[in-house]
Asks: 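First, the structure itself, so that you have it in front of you.
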Amino acid sequence: MTPAELSHSVVAAVASMVADEGLAVAVPETVTVERPKNKEHGDYATNVALQLAKPAGRAPRQLADLIAARLRDVEGIASVDIAGPGFLNITLDVASQGELARTIVSAGKNYGHTEALAGHRINLEFVSANPTGPIHIGGTRWAAVGDALGRVLSASGADVAREYYFNDHGAQIDRFARSLLARARKQEPPEDGYGGEYITEIADAVTAKVPDVLDHPDDEAQEIFRREGVELMFAEIKRSLHEFGVDFDVFFHENDLHESGAVDHAIERLRKLGHIYEHDGATWLRTTDFGDDKDRVVIKSDGNAAYIAGDLAYYLNKRERGFDQVIIMLGADHHGYIGRMMAMCACFGDTPHENLEILIGQLVNLVKDGQPVRMSKRAGTVLTLEDLVEAVGVDAARYALTRSSADSTLDIDLDLLTSRTNENPVFYVQYAHARIASVLRNAAELGIALGEFNPALLDHEREGDLLGALGEFPRVVASSAELREPHRVARYLEELAGVYHRFYDMCRVLPMGDEPVTDLNHARLWLCEATRVVLANGLDLLGVSAPERM
RNA sequence: GCGCCCGUAGCUCAGUCGGAUAGAGCCCCCGCCUUCUAAGCGGGUUGUCGCAGGUUCGAGUCCUGCCGGGCGCGCCA
């Protein structure tokens with residue numbers, strides 16, 4: 001019996017009670033059955049009686065009695081106890097709980113997939129780092145977290161498109177182009193320009209590709225450096241993300257919005273809706289109607305589009321492509337943007353926080369010798385995605401960036417990660433997987449297949465713990481998706497790995513020496529394979545490999 | 001000044017919808033490989049959940065105020 005099935009049984013028992021007793025309360029659609037921390041509280045517990053007591057006008061323990069009586073008749077439930085103020089503590093039959101192993105092995109890669117978000121068409125935008133330099137550590141965090149979120153959303157039944165918004169328009173690109181031109185001429189970069197080593201590399205690459213570039217007049221040369229430089233930078237970003245295991249469905253160019261007329265289209269739409277006005281020679285969007293601090297300029301008085309114009313057009317474009325949920329991940333340094341974006345969403349007639357969702361992730365600090373290091377492009381202390389991968393590898397890097405809540409700032413200490421990699425819990429999880437793979441290999445060598453499965457034999461306490469943990473996986477994935485918190489998957493995997501290691505320590509899986517193969521050996525092999533499936537599926541959601549050997 | 005995030009063990013951090021005795025890893029000490037991976041397991045030590053009120057059967061979790069830290073408030077992008 002899975003937690004979901006048990007939950008259904010509890011709902012049915014509640015419905016039966018409400019009908020029989022004529023209670024004036026609504027039957028909850030779902031009831032949470034949780035794994036109690038304390039083993040004396042059974043395999044699963046629910047507080048549904050406590051929650052219904054007040055609206056029903058009955059004592060919680062009285063309701064608990066009525067529900068318990070009905071649950072005791074359910075096949076697979078061994079006992080139901082009432083504890084404390086009115087908790088229902090449910091214990092399953094050993095065989096019923098053990099069946100879960102078969103369920104998981106049969107489902108294979110699909111175990112953990114649910115329909116929790118079925119029907120949602122989600123556009124997930126993340127990273128979207130400017131093509132004026134390599135991806136730094138902050139963008140790397142969003143790459144890891146955003147990619148994991150995309151996987152978790154998909155696993156929960158959502159139709160997800162991942163997008164990277166490529167800001168190849170505007171003043172920053174001009175500064176980038178001027179920096180390249182200056183470097184090609186062996187001059188100092190402009191005061192507000194970019195100075196890293198990569199500027200030299202790109203300037204050299206452009207010069208190699210267009211040998212006579214410096215013979216052109218300034219404006220033409222700058223245009224060549226802009227076009228070629230952005231192209232090279234873009235390819236570089238794509239490549240490093242791909243090597244990081246992060247791929248996008250769409251790379252969207254801001255420039256296209258301006259050249260295709262999408263910006264004008266969006267502004268005209270808003271004008272028809274009555275939210276656009278002219279003032280001081282500029283075109284404004286009246287975002288204050290929807291809670292913004294001040295109205296926003298969309299077309300500046302010099303005729304150029306303000307940055308938000310691109311965002312307006314991009315949002316409308318996503319909606320017109322059929323996405324009903326637009327999710328954008330931004331760093332904390334952009335959180336001031338939420339108000340105007342939500343107001344913009346409302347101006348289009350959409351519902352803020354439903355059609356548009358902005359996820360804010362806190363920043364990453366680079367730490368050395370316990371002291372924060374200020375990352376500066378000029379000082380060369382910027383930590384890039386490639387630096388991180390080179391130092392610790394993709395698996396450790398992705399895991400370290402994904403296991404913490406995005407709401408917390410993250411400290412990255414390269415020395416710590418490189419010199420004491422065991423501190424990274426990814427190895428703890430991967431080791432559990434490799435350990436199981438080894439057991440399964442040994443079984444194969446002994447000619448022992450999974451074979452017949454008798455779930456009733458899995459009656460050891462550690463086996464019960466393991467089955468209980470395995471049953472949690474689908475709702476961990478679903479809640480990670482619903483809450484947009486993929487770190488929950490990582491934390492769960494660490495828990496599961498620990499439960500497996502403790503099982504392994506107490507429960508011998510394969511026969512020793514020349515002992516005969518028993519049904520218990522087979523049952524435990526099923527349990528091992530089920531655990532391996534969950535670890536592999538979970539690691540995959542995080543974009544981390546599940547090694548067969550370590 | 002206004003807004004967002006954070007404050008939980010010595011360190012790094014978990015702890016959705018309020019639930020039972022607040023957890024994990026790292027660090028430190030002790031024990032366990034003549035049989036499936038010791039990157040493991042078992043045991044020991046560690047807390048005014050920033051502070052003060054409030055809501056209720058019950059608050060780390062919700063509300064209010066305050067303290068401390070980070071970030072942000074452009075016709076920049």
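Every chain is numbered from 1, with letters handed out A, B, ... down the list of sequences.
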Asks: Heavy-atom contacts under 4.0 Å between residues 517-527 of chain A and RNA chain B, which residues?
Replies: none
Asks: Can you give one letter per nucleotide of nucleotides 55-61 of chain B, going 5' to 3': B for a protein heavy atom under 4.0 Å from the base, S for sugar-phosphate only, - for none?
Replies: -------
Asks: Report the residues that fulfil side chain to side chain donor-acceptor pair (under 3.5 Å) with A/Asp295, sequence neighbours left out, ordered by chain and then residue number.
Replies: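 A/Asp295: side chain to side chain donor-acceptor pair (under 3.5 Å) contacts with A/Tyr277, A/Thr288.
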Asks: Starting at the 5' end of nucleotides 69-77 of chain B, put B wherever the base has a protein heavy atom under 4.0 Å, S where only the sugar-phosphate does, and a dash everywhere else.
Replies: --BS--BSB
Asks: Among residues 396-407 of chain A, which contact RNA chain B at a heavy-atom distance under 4.0 Å?
Replies: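 When residues 396-407 of chain A is checked for heavy atoms under 4.0 Å from RNA chain B, the hits, listed by number, are A/Ser404, A/Ser405, A/Asp407.
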Asks: Please list all pairs passing the salt bridge (charged side-chain N to carboxylate O under 4.0 Å, His left out) test where one or both residues lie in residues 35-44 of chain A, with sequence neighbours left out.
Replies: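 Output for this query lists A/Lys39-A/Glu461, A/Lys39-A/Asp465.
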Asks: Without decimals, in angstroms, what is the distance between A/Tyr428 OH and B/G40 P?
Replies: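 Roughly 7 Å, once rounded to whole Å.
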Asks: Grab the N/O contacts between the protein and nucleotides 30-34 of chain B below 3.5 Å, and write none if there aren't any.
Replies:
none

Asks: How does RNA chain B look in dot-bracket notation if pairs are Watson-Crick or G-U with both distances under 3.5 Å, crossing ones as [ ], other-strand ones as |?
Replies: (((((((..((((.....[...)))).(((((.......))))).....(((((..]....))))))))))))....
Asks: State which residues pass side chain to side chain donor-acceptor pair (under 3.5 Å) with A/Arg286; sequence neighbours excluded, sorted by chain then number.
Replies: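 For A/Arg286, no residue satisfies side chain to side chain donor-acceptor pair (under 3.5 Å) once neighbours in sequence are set aside.
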Asks: Tell me every residue that passes side chain to side chain donor-acceptor pair (under 3.5 Å) with A/Ser179, counting only those two or more places apart in sequence or in another chain.
Replies: none
Asks: Going by the rule side chain to side chain donor-acceptor pair (under 3.5 Å), which residues pair with A/Asn47 if we only count those two or more places apart in sequence or in a different chain?
Replies: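 Scan of A/Asn47 (side chain to side chain donor-acceptor pair (under 3.5 Å), adjacent residues dropped) gives none.
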Asks: Per the side-chain hydrogen bond (donor to acceptor under 3.5 Å, both in side chains) rule, what does the pair list look like for residues 514-528 of chain A, sequence neighbours excluded?
Replies: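 For residues 514-528 of chain A, and leaving out neighbouring residues, the side-chain hydrogen bond (donor to acceptor under 3.5 Å, both in side chains) pairs sorted by first residue read A/Glu463-A/Arg524, A/Thr518-A/Asn521.
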Asks: Less than 3.5 Å apart, any donor N or O on the side chain of A/Tyr399 or A/Glu494 sitting next to an acceptor on the other?
Replies: yes
Asks: Do A/Glu278 and A/Arg271 sit within salt-bridge range, that is, some charged N less than 4.0 Å from a carboxylate O?
Replies: yes
Asks: Taking syn as within 90° of 0 and anti otherwise, name the glycosidic form of B/C33.
Replies: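 You should classify B/C33 as syn.
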Asks: Do A/Gln172 and A/Tyr194 pass the side chain to side chain donor-acceptor pair (under 3.5 Å) test, and can you show the C-alpha distance, the side-chain angles, and the key distance before you say yes or no?
Replies: CA-CA 10 Å; A/Gln172 66 190 330; A/Tyr194 299 90; 4.7 Å; no
